[in-house]
Amino acid sequence: MNKINANEIKFLKNRSIIKFEGEDFLGEIGIDGRIFKALTLARISVGVISQQAIENGLSILVQEADSEKAVNCLIDEFEAERKSGKVSQIYSINNVSVIGFVAEDFNKVLAELARNNVFPLLLNQIASEKRVNIVVTSSQDEKAKNIIESEISKKPKTVHLAIIGHGNVGKTLIEQVLHSSEEIRRRKKIDLKVVAVANSRKIAFNKKGFDSNWNDEVLTAESPSDIQELIKFSKENQLENLIVVDNTASKDFVHNYHALAENGFDLVSSNKIFNTLPIEEYRQLRYTLNKNNRRYLYETNVGAGLPLIDTIKLLHLSGENITRIKGVFSGTLSYVFNNFSLRDDKFSTIINEALEKGYTEPDPREDLSGNDVARKLLILARELDLINEFDDINIQNLVPGSLLSVSKPEFLLRLEELDEEYQKIKENQEEGHVLRYVGDLHGDLQKDKGELDVKLISVPATSALGQLKGSDSIFEIYTESYGENPIVIMGAGAGAQVTARGVFGDILRVSETK
């Protein structure tokens, strides 16, 4: 007798399930024999038989080509029982496939299938041999097979990435993934594939994964940038382990998060918009994620690549009473005021430098208005389970009213209108002081709401805030246990490389838990 290869997977397509349902016949002697006899006489080969006590029925596996014949022959065989009501219905479920395999830990395989929204229609176990047969719809059979192969063999797990937005951060991220993919495959047994890249107008797909020519494929793509196109592509190609990466600053795209989570996608985002939407929408997504067993990571929402959100989550979940969070939240405004405070250059010159270096949001007014810092402060407040809304934040807008509603090109042309005011602010400081734009979460943080302030302040050049360099950010986390000595997290707070690396880290964290 040949020994079963533990890694061998039996894969049978074009099968049908014949469902045989009724209330009183389960356990009745001779039922199985009559089914086999009727089908054998009709020259129909029978596969798995499974009995479901909960459903009061039997399920029989046959070739798809024989399904109609099998249903008719069983209807004839059990005509009397159908008339009496003992058998309620006999029908077929077509387009199914059988996957047979040996699993040391079948529950883990089932869990991975469920994470990918694959739920077997039938399963049959031979406990002594650890052999399992499962039946899935043909629309999910390749995906199920790939997941099972990864679980029972040493084959790397494939993770499919859809990158939304390929500006500074998105482009850098794609290059980082392509550059590191072989090493990650070798070290972590994870095969990262970028299978979709989208901008606001169109989306490009490549089932095998994009290579270094990805940008050319995006340029020639014809599919409109529609989230339903992405969902359709993932289902048609039976892609497992799906992650959508939102590198946009789009207020519209975040409203797709629910649909993505409901269709099997985990979420990684550098986009801060969703986490600052009204609290009811914020909570509804958490409910959707939990219901669908999906993850949503956004470490780069605050502090780019710094481990800030994780630290605050850990402190909060461990019961530590956080009493205040204060710091320079914006790498852009850190660069602007660190340089403006020390140099003789005009304010507009420094802003243009930050824009050229890729430190600013697509529209620099997002930074200068204080909205970017305010969003980050609100995100941290909500990590502490506070129910503050964006309107609760006291924000000092650095943009004069006359420039708030003009187009971005016009705003950039008129930047010099800011110079005189900020030169005065700089000159009116105390000796030895520098300007810093800070976010400050304070008040009684054990209540429902905290106090949130975003403003330009003058601090001693010798203080921790005053000694900040370049585009670095600094965060001071005050807790009950640490008293007046805050936990300080400081480092690079802006730039495509840093942010993309932080997003990449979130992708790997989601991938490792899949």
Side-chain angles (χ1 to χ4, degrees), residues 272 299-309 311-312 322 324-361 364 366-377 379-380 395-398 418 422-423 425-442 452-479 482 484-499 501-502:
K272 294 176 277 291
E299 184 65 64
T300 55
N301 273 197
V302 189
L306 298 176
L308 177 66
I309 290 176
T311 301
I312 289 170
I322 294 175
R324 187 177 194 178
I325 302 173
K326 180 183 178 184
V328 173
F329 283 53
S330 167
T332 306
L333 296 181
S334 177
Y335 180 88
V336 168
F337 286 107
N338 291 350
N339 282 276
F340 182 60
S341 294
L342 298 177
R343 288 161 48 184
D344 293 330
D345 293 297
K346 294 178 180 179
F347 191 62
S348 58
T349 302
I350 308 291
I351 293 170
N352 275 317
E353 268 185 27
L355 185 61
E356 287 169 14
K357 289 177 182 289
Y359 290 163
T360 68
E361 293 288 328
E366 274 295 299
D367 301 290
L368 294 168
S369 68
N371 288 343
D372 184 60
V373 175
R375 286 195 189 98
K376 292 172 180 176
L377 194 63
I379 289 165
L380 297 188
I395 306 171
Q396 180 183 348
N397 194 328
L398 302 179
L418 301 174
Y422 286 97
Q423 189 62 33
I425 294 171
K426 178 180 174 180
E427 291 171 355
N428 288 335
Q429 294 182 97
E430 288 183 42
E431 185 71 27
H433 276 54
V434 290
L435 296 172
R436 296 292 181 262
Y437 195 76
V438 301
D440 191 0
L441 170 62
H442 56 106
L452 290 80
D453 296 313
V454 174
K455 58 189 177 182
L456 184 63
I457 63 172
S458 179
V459 299
T462 54
S463 65
L465 287 173
Q467 293 181 62
L468 209 55
K469 305 294 184 193
S471 63
D472 284 359
S473 294
I474 184 169
F475 304 94
E476 298 176 339
I477 306 168
Y478 294 84
T479 73
Y482 286 81
E484 290 301 308
N485 298 309
I487 299 166
V488 178
I489 297 175
M490 182 171 67
Q497 287 286 343
V498 172
T499 304
R501 189 60 65 186

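We're numbering straight along the sequence, starting at 1.
Every side-chain contact (heavy atoms from CB on, under 4.5 Å) that Ser348 has, sequence neighbours left out, goes to Lys346, Leu415, Glu416, Asp419. Judged as a side-chain hydrogen bond (donor to acceptor under 3.5 Å, both in side chains), and not counting sequence neighbours, Arg501 has no contacts. Here Thr360 pairs with nothing under the side-chain hydrogen bond (donor to acceptor under 3.5 Å, both in side chains) rule; sequence neighbours left out. With sequence neighbours left out, Phe340 forms a ring pair (Phe, Tyr, Trp, His ring centres under 6.0 Å) with Phe347. In terms of the side-chain contact (heavy atoms from CB on, under 4.5 Å) criterion, residue partners of Glu476 (sequence neighbours excluded) are, by chain and number, Lys326, Ala464, Tyr478, Pro486, Val488. The side-chain hydrogen bond (donor to acceptor under 3.5 Å, both in side chains) check on Asn397 picks up nothing, with sequence neighbours excluded. Applying the side-chain hydrogen bond (donor to acceptor under 3.5 Å, both in side chains) rule to Asp440 yields the partners Arg324; only residues at least two apart in sequence or on another chain are considered. Every residue two or more places apart in sequence or in another chain was checked for a salt bridge (charged side-chain N to carboxylate O under 4.0 Å, His left out) with Asp453, and none qualifies. In this structure Thr300 satisfies the side-chain contact (heavy atoms from CB on, under 4.5 Å) test together with Ser270, Thr499, Val503, sequence neighbours excluded. Evaluation of the side-chain contact (heavy atoms from CB on, under 4.5 Å) rule for Arg375 yields Lys251, Lys272, Ile273, Thr276, Glu366, Asn371, Phe390 as partners, not counting sequence neighbours.
Screening residues 454-470 for side-chain hydrogen bond (donor to acceptor under 3.5 Å, both in side chains) gives Gln429-Ser458 as the qualifying pairs, with residues at least two apart or on separate chains.
Nearest heavy atoms, Ile395 versus Ser369: CG2-O, 3.4 Å. When every heavy atom of Asn301 is checked against every heavy atom of Lys376, the shortest pair comes out as O-CG, 3.4 Å. Closest heavy-atom contact between Val438 and Leu465: CG1-CD1, 4.2 Å.
No donor-acceptor distance shorter than 3.5 angstrom exists from the side chain of Ser334 to the backbone of Ser473, with no hydrogens or angles considered. A distance-only check finds a donor-acceptor pair linking the side chain of Arg436 to the backbone of Gly466 [under 3.5 Å].
A parallel orientation is assigned to the rings of Phe337 and Tyr437, their planes being inclined by less than 30° (bins at 30° and 60°).
Taken from CD1 in Ile477 to CD1 in Ile312, the straight-line distance is 4.5 Å, to the nearest 0.5 Å.
A side-chain donor from one of Glu353 and Tyr335 sits under 3.5 Å from a side-chain acceptor of the other.
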